[in-house]
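A quick write-up on the structure given underneath.
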Amino acid sequence: MTLPSLITMSPWLYWVSFLAYAVTVLSLVAVIVSENRNPLKSLAWITVLTTFPVGGLILYIFFGRSIKNTRMISRRKRRRLLQSESREEPSDYSDSLKSLSPVSRQQIELARSLAAAPVYTDNRVEIFADGREKFARLKEDLKNARHTILLQYYIFESDKIGSEIADILIAKAKEGVKVRVIYDHIGSIKVRNRFFKTMREAGVEIYPFFRVVFPIFATRINWRNHRKICVIDGRIGYIGGMNIADRYLDGGKFESWHDLHLRVAGPAVAAFHYSFAVDWNFMGNQLIEPMPSGTPFRESGLKGAMQLVTAGPTGEWSNIGMVMLKAIGNAKKRVWIQTPYFLPTEGLLRALQAAALARVDVRVMMPARSDSAILTHASYSYVKECLRAGIKIYLFERGMLHSKMMVVDDDFATVGSTNFDFRSFEHNFESNLFIYSTQVNEALRRRFMIDQADSRRLNAAEWRRRPLSQRMLESVVRLLSPIL
């Protein structure tokens, strides 16, 4: 085609391109409106699409799409898994929970309604606030595995501790133990494929969750499997906030890296298996049948009733966020929260403010400096509103605080993978253990107080004196909170 003809055709190409873009944007606006999302969020996306040509469309493709009500497992397979798995509540569970407050029993019913989460009694739990202790215990349990190992982590680094775990998994696979591993592709994006390939070649069944490759890159990057679950022989389970990485041992670029992880023994481990099996099946793998119940064995640790609640962008409800909202609203004495990032939804922020204004002891602890400068500034943008309502804000100063924990009153607590932010509540696949136990509640309160001694409490006068440039940056970054 000659240059004159190109010049002649260019206006037509321009108008055809413009018309195609306009139709695409209008179609997306119609989709957003028809989905009946939060009005503020819908208006924000409509504004972005109509105000920022091309760029707004790219942002929406990456961060605006919804996969709500997508089925992670077929009804037939779900029934098969439920029938074969020991997810039945004990017949005397109501007697076991009589010592709990009425509000805790109400929260149990809410979690059952939202996530079909059975409550299991007579479990034992160990709390790890130190990475060395947690990984030493985990390695011991992995080495003692006889039948199955199910391992799921957001980040599985190829560093020293990651290599040690990988070597154990390879050795167990060679012994005939069935070893299955899920890692998040985005969370472990920096890890060389050779690290995972070595395990796969040795007999470990290992797969990335939502592998991000072109051309489906844009359809998956915003949804991440943030869960950290391990099941050993169907008897021992691990859950919490620690990934597999050396920073949980040496602090990485921080003085120290603080996190919480739980080791659970008892009937509740069946729920851990169920969660892993659903994710495994969602990735296109064969359904994992649970192990037959073995001979009961005694374990030490704190005793408590438990529910494992999972949530993700495919669900109809924000399961974990809704149970937390109910717990905060029911609080009579205290609500203590530890989180690395504090970007609450509007409902959770109002619930915390209402509790504090009602003279409930509400405390929020976050790191003075997190591993993300953007998220630190975004978290700080909520401080003023919290202080005005009487919420006590503590900035942890002895390293990176990565714990995800909430303690309410005397008999309820939750620990898991869920950060107190938009991403965890709306975009990530998360799992939290909801624990109804005065023993566990008291132990976590003691842990909170130990960390509080290494924290600085903010006051309103001090906060008002921070530089104008910092306040402006916080306000700008806050606009991005729903997609951070």
Side-chain angles (χ1 to χ4, degrees), residues 63 129 152-155 184 186-187 209 222-229 239-243 245 247-248 252 254 257-262 308-313 315 318-325 327-328 335-349 351-352 362-383 386 391 393-396 399-408 413-434 444 447-448 451 455 477-478 480-484:
F63 301 108
Q152 179 176 18
Y153 278 90
Y154 175 62
I155 297 173
D184 186 82
I186 291 294
F209 191 92
N222 196 39
W223 303 309
R224 304 165 193 173
N225 198 312
H226 200 236
R227 294 170 185 152
K228 293 96 176 171
I229 286 178
I239 187 171
M242 294 187 195
N243 291 291
R247 57 179 169 270
Y248 295 90
F254 293 88
W257 195 285
H258 287 252
D259 212 328
L260 285 175
H261 220 85
L262 306 179
L308 179 70
V309 178
T310 59
S318 176
N319 298 343
I320 294 172
M322 194 168 286
V323 179
M324 287 183 174
L325 182 67
I328 294 168
V335 177
W336 293 1
I337 295 170
Q338 283 187 329
T339 179
Y341 321 114
F342 183 68
L343 290 77
T345 62
E346 185 73 12
L348 285 167
L349 178 61
L352 291 172
V362 181
R363 307 182 189 187
V364 175
M365 186 183 297
M366 63 182 102
R369 181 174 67 91
S370 79
D371 57 338
S372 170
I374 291 178
L375 290 174
T376 298
H377 290 303
S379 297
Y380 285 176
S381 70
Y382 291 88
V383 168
C386 291
I391 298 171
I393 301 293
Y394 294 89
L395 299 183
F396 184 80
M400 171 63 188
L401 181 74
H402 198 250
S403 303
K404 306 107 169 30
M405 177 260 282
M406 183 170 76
V407 173
V408 178
T414 180
V415 173
S417 64
T418 309
N419 299 315
F420 213 83
D421 63 8
F422 281 93
R423 171 157 293 284
S424 278
F425 292 130
E426 298 187 9
H427 303 306
N428 286 351
F429 295 86
E430 305 280 6
S431 58
N432 263 52
L433 195 63
F434 289 81
L444 290 173
R447 182 69 249 170
F448 190 101
D451 292 336
S455 304
V477 173
R478 178 167 173 161
L480 303 175
S481 294
I483 62 174
L484 289 177

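Atoms considered below: every heavy atom in the structure, side chains included; atoms not considered: hydrogens, waters and symmetry mates. Every value quoted in this text rests on a predicted model; they were computed, and no experiment measured them.
Across all non-hydrogen atoms, the minimal contact from A327 to M406 is CB-CE, 4.2 Å. Across all non-hydrogen atoms, the minimal contact from A413 to L444 is CB-CD1, 3.6 Å. A pairwise comparison of heavy atoms in S417 and S424 identifies O-OG, 4.3 Å as the closest pair. When all heavy atoms of Y248 and N243 are compared, the closest pair comes out as OH-ND2, 3.1 Å.
Distance check: R369 CZ to M400 CE gives 9.5 Å after rounding to the nearest 0.5 Å. Separation of atoms CG (D371) and CG (L401) is listed at 11.0 Å; rounding is to 0.5 Å. Residue Q152 holds its CD atom at 10.0 Å from NZ of K228, rounded to the nearest 0.5 Å. The CZ atom of R363 lies 4.5 Å from the OH atom of Y394; values are rounded to the nearest 0.5 Å. We find the CG-CG distance between L343 and N419 to be 9.5 Å, quoted to the nearest 0.5 Å. Atom CG of residue L352 and atom SG of residue C386 lie 6.5 Å apart, to the nearest 0.5 angstrom.
Between T345 and L348, some side-chain heavy-atom pair lies under the 4.5 Å cut-off. Counting heavy atoms from C-beta on, the side chains of M366 and F396 never come closer than 4.5 Å. Counting only heavy atoms from C-beta outward, the side chains of L260 and Q338 approach each other to under 4.5 Å. Taking the side chain as every heavy atom from C-beta outward, M365 and L395 never approach each other to under 4.5 Å. With contacts defined as side-chain heavy-atom distances shorter than 4.5 Å, the pair R224/R423 qualifies. You'll find the side chain of E426 stays beyond 4.5 Å of the side chain of P313, heavy atoms only. Between K404 and V415, every side-chain heavy-atom pair lies at or beyond the 4.5 Å cut-off. When side chains are defined from C-beta on, I229 counts as touching S431, because their heavy atoms get closer than 4.5 Å.
A donor-acceptor pair is defined here as one N or O able to donate and one able to accept, closer than 3.5 Å; such a pair exists between the side chain of N432 and the backbone of T418. Side chain of T414 to main chain of L433: a donor-acceptor pair is present (N/O by atom type, distance under 3.5 Å, no hydrogens or angles). No side-chain donor-acceptor contact under 3.5 Å links T339 to the backbone of F342.
For the side-chain contact (heavy atoms from CB on, under 4.5 Å) with N225, the lone residue among Y154, F209, Y153 that qualifies is F209.
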**Report entry** CA sep, side-chain torsions, deciding dist, call: L308, I239, side-chain contact (heavy atoms from CB on, under 4.5 Å)
**Finding:** CA-CA 10 Å; L308 179 70; I239 187 171; 3.4 Å; yes
Report task. Please test H226 against F429 for ring-ring contact (aromatic ring centres under 6.0 Å, His included), starting from the C-alpha separation and ending with a verdict. Result -> CA-CA 6 Å; H226 200 236; F429 295 86; over 10 Å; no
Report task. Go through the steps to decide whether L325 and V323 satisfy the test side-chain contact (heavy atoms from CB on, under 4.5 Å), and finish with yes or no. Result -> CA-CA 5 Å; L325 182 67; V323 179; over 6 Å; no
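Listed by chain and residue number, nothing satisfies the side-chain hydrogen bond (donor to acceptor under 3.5 Å, both in side chains) test with T310 (two or more places apart in sequence, or in another chain). In this view, F425 and F420 satisfy the ring-ring contact (aromatic ring centres under 6.0 Å, His included) rule, not counting sequence neighbours. Applying the ring-ring contact (aromatic ring centres under 6.0 Å, His included) criterion to Y380, with sequence neighbours excluded, gives W463.
Looking only at atom types and distance, the side chain of S370 has a donor-acceptor partner in the side chain of T376 under 3.5 Å away.
Annotation: F422 is not in aromatic contact with H427 [ring centroid separation under 6.0 Å not met].
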